[in-house]
Amino acid sequence: MIPILDLAAQYRELKSEIDAAIARVFESSQFVLGKETAAFEEEFAAYCGVRHALGVSSGTGALHLALLAAGIGPGDEVITVPFTFFAPTATIGYVGATPVYVDIDPRTFNMDVRRIEAAITERTRAILPVHLYGQPADMDPILDIARRHKLVVIEDVAQAHGAEYRGRRTGGIGDIGCFSFYPSKNLGAAGEGGMVTTNNSEYARKVRMLRSWGEESRYYPVMKGYNYRLQGIQAAILRVKLRKLEPWTEARRAHAAAYDRLLEDVDVICPGTMDDVRHVYCLYTIQADDRDGLQKRLEAAGIQTAVHYPLPIHLMPAYSDARYKLGDFPAAEACARSVLSIPVFEHLSAAQVEQVANEISQLVGKKHQETVSSRR
Ligand SMILES: Cc1ncc(COP(=O)(O)O)c(C=O)c1O
């Protein structure tokens, strides 16, 4: 069986360091925030090239606090995408604002920047791009539009730790970055965790208070806040794993490059990458005409895959909205029918990558010759 993810392999590689890190937290007994969190914040800020990093209890909490710190609230609109995990939409709702979707570019799965301006109204306050699957959104046009319309840019970096756009690290490109350390992410905790990154001292000050009950000092809340603090044990473990993030990311990128090569003539679409970006392949997501059939046959062959995501957000019962209907975002809707994530985790071997590619090749066959030549 080739799994989609092998978290136990991470633990086997780092067992002695992780066990020592956990013991350190017990010895200090600083279980909530504490010195491990402070040290991790400093190290993660340096990794992202930002001035401030604030540890929080999840990526969802990071998005929620970023929106609050940016002053977004009832009556405001936030431009985002309908094809991603639904946390951005959910948290825009938490602050009483309204998500306004623009379709994605089906080649990169990220926000189609040509469609942003048409979605701006006098209520628009922010743009919230998601760096989906580990590839940065096309940030320069987004920043340019934001500057011209005086909008805040909140990056959802949950899937893109260490990704780069034209030499800049994600999380420090827009005004605020929101990371998740959910176990399956490129940098994953042993439970929940998240981080807000920013170069703006005022946003950092607000997030610092909001994550801990709005307290300016203990028991002196100056704003209504939340219990969204990062735990010491998570920070201590994340510090150990952060030291592995670069080699692990390079392993993911090598697997992705191998898939690109091995699947080139196979009748699936490999993920498109923009020029001058560092894609970190949280997921390697192909598109296939008979996605469900391929998934079943791969499962039967012992290869685990996953669908990220089977339904665009505007069609989810929980987030349906009278403004949107089937057909409004054709690229998102088509991708939801065709996407399939195949194993790309860091501990996969080159032989396993070949086995996955061979199996796909046998199951779907070669591209038709005209398609191959027209793509070249
Ligand atoms: C794109 C995206 N945004 C936000 C989140 C929310 O992060 P968390 O699960 O840590 O709350 C996730 C992941 O789970 C995600 O994939």
Side-chain angles (χ1 to χ4, degrees), residues 4-5 7 37 40 44 53-68 78-95 99 101-102 104 108-111 126-137 139 142 153-163 170-171 173-174 176-197 207 210-211 226-231 234-235 237-238 241 252 271 279-285 306-313 316 318-319 332 335-336 339 341 344-345:
I4 184 90
L5 193 67
L7 297 177
T37 297
F40 176 51
F44 196 71
L54 289 311
V56 293
S57 51
S58 68
T60 304
L63 285 165
H64 186 187
L65 297 189
L67 289 159
L68 287 173
V78 179
I79 293 177
T80 190
V81 282
F83 186 70
T84 180
F85 186 66
F86 43 83
T89 290
T91 50
I92 291 165
Y94 291 178
V95 302
Y101 299 122
V102 297
I104 56 162
T108 62
F109 305 108
N110 276 328
M111 184 178 277
I127 308 176
L128 199 167
V130 178
H131 304 308
L132 200 71
Y133 304 154
Q135 171 160 229
M139 291 304 289
I142 292 173
V153 176
I154 299 174
E155 295 173 67
D156 183 332
V157 206
Q159 302 185 7
H161 313 67
T170 47
I173 304 173
I176 315 183
C178 301
F179 288 85
S180 164
F181 301 124
Y182 187 75
S184 60
K185 304 304 190 207
N186 288 24
L187 180 61
E192 308 274 0
M195 188 76 88
V196 177
T197 52
V207 169
L210 286 166
R211 73 173 169 182
Y226 298 82
N227 180 353
Y228 278 174
R229 295 170 297 219
L230 184 62
Q231 298 184 345
Q234 301 305 346
I237 293 168
L238 287 162
K241 289 194 173 181
R252 286 175 180 272
H279 191 323
V280 295
Y281 295 99
C282 182
L283 297 166
Y284 187 94
T285 303
V307 175
H308 302 98
Y309 298 89
L311 205 56
I313 300 168
M316 290 178 177
Y319 297 107
C335 286
V339 289
S341 304
V344 74
F345 62 93

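Numbering of ligands and ligand atoms starts at 1, following listing order. Residue numbers count from 1 along this sequence. The structure presented is a predicted model; accordingly, all values stated were derived computationally and were not measured.
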- Query: Where the side chain of Thr80 meets the backbone of Leu128, is there a donor-acceptor pair that is under 3.5 Å apart?
  - Reply: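 Such a contact is found between Thr80 side chain and Leu128 backbone.
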
- Please identify each residue that fulfils side chain to side chain contact (heavy atoms under 4.5 Å, CB included) with Tyr228, with sequence neighbours left out.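 By the side chain to side chain contact (heavy atoms under 4.5 Å, CB included) rule, Tyr228 matches Ser57, His64, Leu65, Arg211, Tyr226.
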
Identify all pairs of nitrogen or oxygen atoms, one from ligand 1 and one from the protein, separated by less than 3.5 Å, and list them with distances.
from, atom 1, to, atom 2, distance (Å)
ligand 1, 3 (N), Asp156, OD1, 3.3
ligand 1, 3 (N), Asp156, OD2, 2.6
ligand 1, 7 (O), Ser180, OG, 3.4
ligand 1, 10 (O), Gly59, N, 2.8
ligand 1, 10 (O), Ser180, OG, 2.7
ligand 1, 11 (O), Gly59, N, 3.3
ligand 1, 11 (O), Thr60, N, 2.8
ligand 1, 11 (O), Thr60, OG1, 2.5
ligand 1, 14 (O), Lys185, NZ, 3.2
ligand 1, 16 (O), Gln159, NE2, 2.9
ligand 1, 16 (O), Lys185, NZ, 3.1

Acceptor/donor pairs from residues 177-188 side chains to any protein atom, 3.5 angstrom cut, sequence neighbours excluded:
from, atom 1, to, atom 2, distance (Å)
Ser180, OG, Tyr182, N, 3.0
Asn186, ND2, Val280, O, 3.0

- Item | Partners meeting ring-ring contact (aromatic ring centres under 6.0 Å, His included) with Phe109 (sequence neighbours left out) |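 By the ring-ring contact (aromatic ring centres under 6.0 Å, His included) rule, Phe109 matches Tyr133.
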
- Donor-acceptor pair between Thr170 and His131 side chains, under 3.5 angstrom: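 No, His131 and Thr170 have no side-chain donor paired with an acceptor closer than 3.5 Å.
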
- Message: Checking side chain to side chain contact (heavy atoms under 4.5 Å, CB included) between Val78 and each of Thr89, Ile154, Leu67, Ile127, which is the one that passes?
- Response: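 Of Thr89, Ile154, Leu67, Ile127, side chain to side chain contact (heavy atoms under 4.5 Å, CB included) with Val78 is met by Leu67 alone.
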
